[in-house]
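Quick notes on the structure that follows.
Values below: all heavy atoms of this structure, side chains included; hydrogens, waters and symmetry mates excluded. Worth saying up front: this structure is predicted, and the values here are computed from it rather than measured. Order of the sequence lines sets the chain letters (A, B, ...), proteins ahead of strands, with each chain counted from 1.
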Amino acid sequence: MSPRRSPMQMQTHHVDMHAPLERIDEVTWELPSCYRRDMRVPVRIFADEALIESALHDRCLEQLVNVATLHGVVRHVLAMPDVHEGYGFPVGGVAATALPDGVISPGGIGFDVNCGVRLLVSTLRATDVAHALPAVMHEISRSIPTGYGHGGRTALDDAEMDRVLAGGAQYLVRERHAGIADDLDHIESGGMLPGAEPALVSERARTRGRDQLGTLGGGNHFLEVQRVAHVHDEALATRLGIAEGQVTVLIHTGSRGLGHQVCTDFVRRMDERSDALGIVLPDRQLACAPLSSPEGRDYLAAMAAAANFAFANRQTITHAVRAIFARMLHTLGDPTLRLVYDVAHNVAKIERYPEGELCVHRKGATRALGPSSDDLAPALRGIGQPVLIPGSMGTASLVMVGRDASAGLSFSSACHGAGRVMSRGAARRAIQGHVLRHQLEARGIVVKCPSSPELAEEAPLAYKDVDRVVDVVERAGIATKVARLEPIGVLKG
DNA sequence: ATGTCC
C-alpha cells in the first residue's frame with residue numbers, strides 16, 4: 001500500500017464531491033485547511049471508498065469545514081466513518097478546542113446530551129433463556145416507558161432532581177442503592193461528570209425531564225436482549241467477561257427532553273450574545289462561546305448536569321432490568337447482570353493532549369481510550385476502554401476496545417454506530433413497519449414496539465453497514481474488535 | 001435526538 005496517492009477524482013452531481021480530498025492512507029482522507037479561507041485546521045475523514053461517497057452525499061463536509069473555522073480549534077476536525085449531517089455540526093464529528101479561550105458549541109455535542117450506550121452481561125446462555133424470553137420482554141416493556149414524549153409514572157421533586165443532576169449514576173448507586181459500587185468503575189467518568197451545576201438547568205428543562213428518569217425515548221433509542229454471536233478477540237473478551245453464547249443487554253438512550261432543552265437554551269443564549277462575544281460564524285447553528293466566558297462556562301456546567309441525568313437514566317433502566325432478570329430467570333442460572341461499560345457518545349470533555357488542555361467535542365462519537373491511558377479506571381488498565389457500537393435496530397452491535405494510538409489519530413475517539421443514510425421519511429416510504437416486524441420475528445427476535453411507522457424509521461436499510469464502519473475504525477488503528485452481539489429481543493419506542 | 005415551531 002502506498003502511503004500517499006494523488007488527489008481523489010470523483011465525478012459527481014453534488015458540489016461537495018469536487019472537494020480536493022487527499023487520500024492519506026487506506027482509510028483516511030484529508031481536506032486541507034487551504035480549501036476555504038476561513039479554515040484554521042484541516043478536516044480528516046475516516047472512511048473506505050463506499051463510506052466516503054455516502055459521507056459526501058449530504059452537507060456534512062460543508063459542516064466539517066464550518067467547524068474547522070471555530071476559534072481555538074486545534075490539529076484537525078475529524079469525521080468518523082458513520083458521519084452524517086447534523087444540527088450545525090455533523091453526527092460522527094470530533095473537534096478539539098484549546099483552553100482557555102477556545103470555544104464550546106452546544107451544536108458540537110448535540111441535542112441529546114450524553115446519548116450513550118450501556119452493555120450488561122450475564123452468565124446465562126441464550127439457548128437456555130429462549131423459552132422465557134417472550135415473558136421477559138413483556139415485563140421489560142411494561143416497566144420501561146418507551147416512545148417519543150412518553151414519561152414514567154413517577155416525578156422527581158426539585159431536591160431529588162438537583163441530586164440526580166449533580167451526582168448522576170454515582171448518586172443513584174451510593175444514596176439510592178440502585179446498583180452496586182462496581183457499576184461505577186464501569187461507567188465513563190465514573191457515572192458523574194464533574195462540575196455539574198443543577199442551578200443552570202432551566203425550569204423548562206427540569207419540567208420536561210421530571211418524569212423521564214428510567215425511560216427509553218424514541219427515535220433510534222432501544223433496549224436489546226442479545227446473545228454473544230461471535231468473539232473476535234478471545235483474550236480481550238475473556239478480560240471483559242464476555243464469551244460466546246452468553247446473554248447480554250444493551251441500553252441505548254440519553255437525557256431525553258431535559259438534555260434537549262439544555263441544548264436549546266444555550267444555543268439561543270450564545271446566538272443572542274454572539275455580537276457581544278465578537279463571534280462570527282458561517283452557520284448560526286454553530287452558536288458557541290469561549291470556554292472562559294460566562295456563557296461557555298455555564299454551558300459546560302449545564303451540559304455536565306444533563307449528562308449526569310443521562311447516566312442516571314441508564315442506571316435506572318439497568319436497575320429495572322436487573323430486577324426482572326432476578327425474578328424471572330433465577331431458576332435457569334445466575335441472573336446477575338454485570339455492567340461491562342457505559343459510554344457517552346454526545347458530550348464534550350476537557351482532556352490533556354500534547355497541545356495542552358483541550359475541550360474535545362464528540363457528537364455521535366465514542367471516547368476510545370487505549371490500555372495505557374491514565375484516565376482509565378484501574379479495572380480496565382491494560383485492556384483499553386470498551387467502545388460500544390450499537391448497529392441499527394435488529395442487526396448486530398459490536399464491542400471494541402480503544403488502542404493507545406487513538407490519542408494521536410482521533411483525540412481518543414471512535415465511531416458510535418451504523419450512521420443513517422436514509423431520512424426517516426424515506427425509510428417510512430421504503431418499508432412498512434409491520435413487514436419489518438415480521439422479518440425480525442421470522443429470525444426469532446421478540447419485538448416490542450407499539451408503533452409500526454416508528455419501527456420502519458429505524459429499519460436496517462436506512463443505515464450504513466455497521467460492520468463496514470467498524471472495520472474502518474479497526475483498520476485506522478483506533479480500536480480493536482472484541483465481540484459481536486445479535487438481538488434476541490428488541491424494545492423500542 | 002426532541003411535549004416533532006412558544
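- Among the protein residues, A:G110 comes within range of no part of the nucleic acid, since none of its heavy atoms lies under 4.0 Å from any strand.
- A:R268 comes within 4.0 angstrom of nothing in the nucleic acid, heavy atoms only.
- Here the P atom of nucleotide B:dT2 and the CD atom of A:E454 are 9 Å apart, to the nearest Å.
- Spacing between atom CG of A:D265 and atom C1' of B:dC6 amounts to 13 Å, rounded to whole angstrom units.
- Counting any heavy atom pair closer than 4.0 Å across all strands shown, A:G254 reaches no nucleic acid atom.
- For the atom pair A:L286 CG and A:T69 OG1, the distance stands at 7.0 Å (nearest 0.5 Å).
- A ring-centre distance under 6.0 Å is found for A:F111 and A:H260.
- Residue A:G218 is classed as a sugar-phosphate contact, given heavy-atom separations below 4.0 Å to backbone atoms only.
- Atom CZ of A:F266 is separated from atom P of B:dT2 by 20 Å (rounded to the nearest Å).
- Among the atoms of the strands shown, none is found under 4.0 Å from any heavy atom of A:E457.
- One interatomic measurement links the two molecules: CD of A:E458 to C1' of B:dT2, which rounds to 14 Å at whole-angstrom precision.
- B:dT2 atom P lies 10 Å from atom NZ of A:K492, rounded to whole Å.
- The one candidate from A:V360, A:L358, A:L300 that meets the side-chain contact (heavy atoms from CB on, under 4.5 Å) condition with A:I350 is A:L300.
- A distance-only check finds a donor-acceptor pair linking the side chain of A:H361 to the backbone of A:S105 [under 3.5 Å].
- Between the CD atom of A:E203 and the C1' atom of B:dC6 there is a distance of 17 Å, given to the nearest Å.
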